[in-house]
Amino acid sequence: MVPKKSYSIEKKQARWGFAFVIPSLVFFSVFNFYPILNAFYMSFFNRKALSKAPPKFIGLDNYMRLFNPETASNELSFINSLKSTMVFTLGTFIPLLILSLIIAVFISQLSSNKSKKFLQVAYYCPAILSSVVAATIWMLIFDPRGLGNQWMNILMGTPGTDHRWLVDPVMEQVSTMVIYFWKYIGYFVILFITGLASIPPTIYEASTIDGANKWQNFWRITLPLLKPTVVLVSVMAMLQCLKTFSTQYMLYSNGAPRAPINVITFNIYITGIQQQYLSRASAMSIVLFVLMLSLTLVQFKTTKSENVEY
Amino acid sequence: MKKSLVLFAVLALLVPSFMFASGAKETVVDENAPVTIQYWTHEDPARTQLETELIDEFMKMNPNITVVRSTQASVKQIELVQTAFAANQGPDMFNLPIEDQYAYITNKRVAPVDYKAAGYADKQDLLDKYIPGVLDTVTVDGEVYGLPLELTNWSIYLNKKVFRSAGLNPETDYPKTWEEMADVSEKLVIRDGDILVRRGFDFRYPYYLNFFVPMVQQLGGDLLSADGKKAIIGDDAWIKVLTYFQQWGPSGRNLGSPTYKNARNLFNKDNNDIAMAHTGLYQEGRIEKDNPAFFNSGEWMVVPFPVFEDAVNDVASCYYGHFFMVNVDSPPAVQKAAWKLSGFLLSHGEDYLTRGGNIIQPTKALLASDTLKNMPYSQVFIDDMNRANMTYYGENSAQIQSLIRNAVESVMLGGVSPEKVLATLRASAQEIIDEQ
């Protein structure tokens, strides 16, 4: 007779825990893990979207093509996409991080709860707008006859000047940064507000009794205790910026030139969907994945600190 | 316990591999069994209304056939159909512009026409019904792979009021050459500093294969050599047209730009925004719908596509087609039903012309009909079509169009010289041709 197995409470709980995790694991497998593996595998072949012929194994050709220095002079090359992505990420992620923190601190310090809630909702609204609505709003602003030129000309006293929002390569990059900043700042403000709310008010009370002013409170208490949130927001903001797509797509669809805003994700879309080179696009997505992973690890390493305890 | 958990986790991760590795579609051979046709097409409210009526009638005549008609914006439709086919889940019947659709033939994704099911005695009977050459586009190795839903070309719509307000006589002063187009536009524009408040004319960005390539052809250049192996023929012609666009843009004479609202939509509003727009016969229906007072006012007219003063070829804007095609991987009974539906819809050519979005199905009967001839300015379109070529179509046409777009935007907006842009365009286009 086989002896009946007995399980400890921890093991029973672990089994239940695992049961609850299964749905998300399956979801992750289907929608994230499998596509990553498939893209990696596909990147060594020459598959085209409509072709029924079995794809041919071509080794590292797709990767060599992406980094071929001879293509660097072509403004639509992958090397230039890397540059565009870096310009966009640095130009968006740093202001996003700093300004969302400043706005969150400002909102947290408001005494009126109504004002706090109103500002939180107001900042968060653009994040839930659909891309189509956002496109319509920003095209009205960036149209040469639109609000962008009108406001700038009133502010700068330059009537009749076209600031070439979507024409000049630098202005076009700035336009994508402005749109992205507008769309996502509210999201990061909410994250910072949540982080700020978790700091016990007794610490501020103690420091005030010790004679600290608001400026000292911010630098000596708020910022150090907010470090985990800062790391979280900086990683999330950076990854979001590296994955940017819809803003560039929106401008391109409305007549803006592609080259200055040809970020990696947009290049993947053009290569895989419009030009049908699925394997080449897969190689690009793997490079983007490695880039995001590496930058995230670097960020974690450089900002690593002891856990914050109150 | 740990080992079994790890094993379970690995199995869970592998679930999609098994799911996606499943086999092909089952084949249904019973032709009398109920079938459902998934028909994907682009949005066009007028055509939707007509086709909904026609499909209802078709389903009453064929009770075993159900038609599910899905529409998407035309740009989205191109991507959706391609993505669906890449995943072997393409619709049973669809239409796209031929420059995007041709790749489905070369990649053997679509079935040859079932002549009998579509209502023709045989291939010759089908060819006899259409104007010569129109089906050559979709004929490969002697097999016809599509039936034309529409054949469209663009001419120049002109607002007479705007012309008169600039002291011009629309009947005599309309531009016959591209040089005149720029000079007349200069007289028509109203600027607030650098900003164009009213444009004379603007191009049909970003459909460069349809209007830019013919401009190059007028000057003796071409996109490809006769054998199709060499890209960018006739440098002088390309440089001249690129320079023309450089001058047209904000850094030149500042007459227009792709970043302004598209001209054809503004034209309908008659708001003193634009004097001329480049569009098709179908625009008449859209003007009538958007602005009936303007449509009935007699204050608009249509004039031919201009040529350069030193043109060596009299070429008008390209015409392009949308074809009904049928998925070769759909069950045979569904394919047959889809061809039957295509034939039925296309037997209502006059309905499509009058109340289905003013689209022209290029049958001999329709082109000779009084219905077409009586439509305002239809003769201008017919004459322009007679001096036009089919737009460039091939497996790589979308890529080539994207390269030309980048070239034009570089000279027009980016300030790059036409010579440098041409060198980049040639290298990129040649690479695509060589790869093919």
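Chain identifiers are assigned alphabetically (A, B, ...) following the order of the sequence lines, protein sequences preceding nucleic acid strands; residue numbering begins at 1 within each chain. It should be emphasised that the depicted structure is a prediction, and the values quoted were computed from it without experimental measurement.
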Item checked: Residue A:Y269 versus chain B: region with a heavy atom under 4.5 Å -> side chain
Notebook entry, point to check: What residue among B:L196, B:V189, B:D202 forms side-chain contact (heavy atoms from CB on, under 4.5 Å) with B:L255?
Noted result: B:V189
Check: Is there a side-chain contact between A:Y252 and A:I270, using heavy atoms and a 4.5 Å cut-off?
Finding: yes
Check: With only heavy atoms counted, which part of A:L76 is less than 4.5 Å from chain B, the side chain, the backbone, both or neither?
Finding: side chain
Note to self: For residues 398-407 of chain B, give me every residue with a non-hydrogen atom less than 4.5 Å from any non-hydrogen atom of chain A.
What the structure shows: B:A398, B:Q399, B:S402, B:R405, B:N406
Note to self: Please give me the minimum heavy-atom distance between B:Y102 and B:G394, naming the atom from each residue.
What the structure shows: CD2-CA, 3.7 Å
Next item on the list: Taking only Lys NZ, Arg NE, NH1 and NH2, and the carboxylate oxygens of Asp or Glu, determine whether A:R15 and A:E10 approach each other closer than 4.0 Å.
Entry: no
Next item on the list: Answer with side chain, backbone, both or neither: which region of A:N254 has an atom nearer than 4.5 Å to a non-hydrogen atom of chain B?
Entry: backbone
Notebook entry, point to check: What part of B:I78 is in contact with chain A, defined as an atom under 4.5 angstrom from a non-hydrogen atom: side chain, backbone, both or neither?
Noted result: neither
Item checked: Heavy-atom contact with chain B under 4.5 Å, split by part of A:E172 -> neither
Next item on the list: Please look at B:S428 and chain A and tell me whether the side chain, the backbone, both or neither of the residue comes under 4.5 angstrom of a heavy atom of that chain.
Entry: side chain
Check: Any sub-3.5 Å donor-acceptor pair from A:N149's side-chain atoms to A:P144's backbone N or O?
Finding: yes
Check: With chain B, which of A:N74, A:D162, A:L251, A:V21 has the greatest number of heavy-atom pairs at distances under 4.5 Å?
Finding: A:D162
Margin query: What part of A:N32 gets within 4.5 angstrom of chain B, counting heavy atoms only: side chain, backbone, both, or neither?
Written below: neither
Check: Run the side-chain contact (heavy atoms from CB on, under 4.5 Å) check on A:W138 and A:L147 step by step: do they pass?
Finding: CA-CA 9 Å; A:W138 283 99; A:L147 296 170; over 6 Å; no
Check: With a 4.5 angstrom heavy-atom cut-off, which part of B:V197 approaches chain A: side chain, backbone, both or neither?
Finding: both
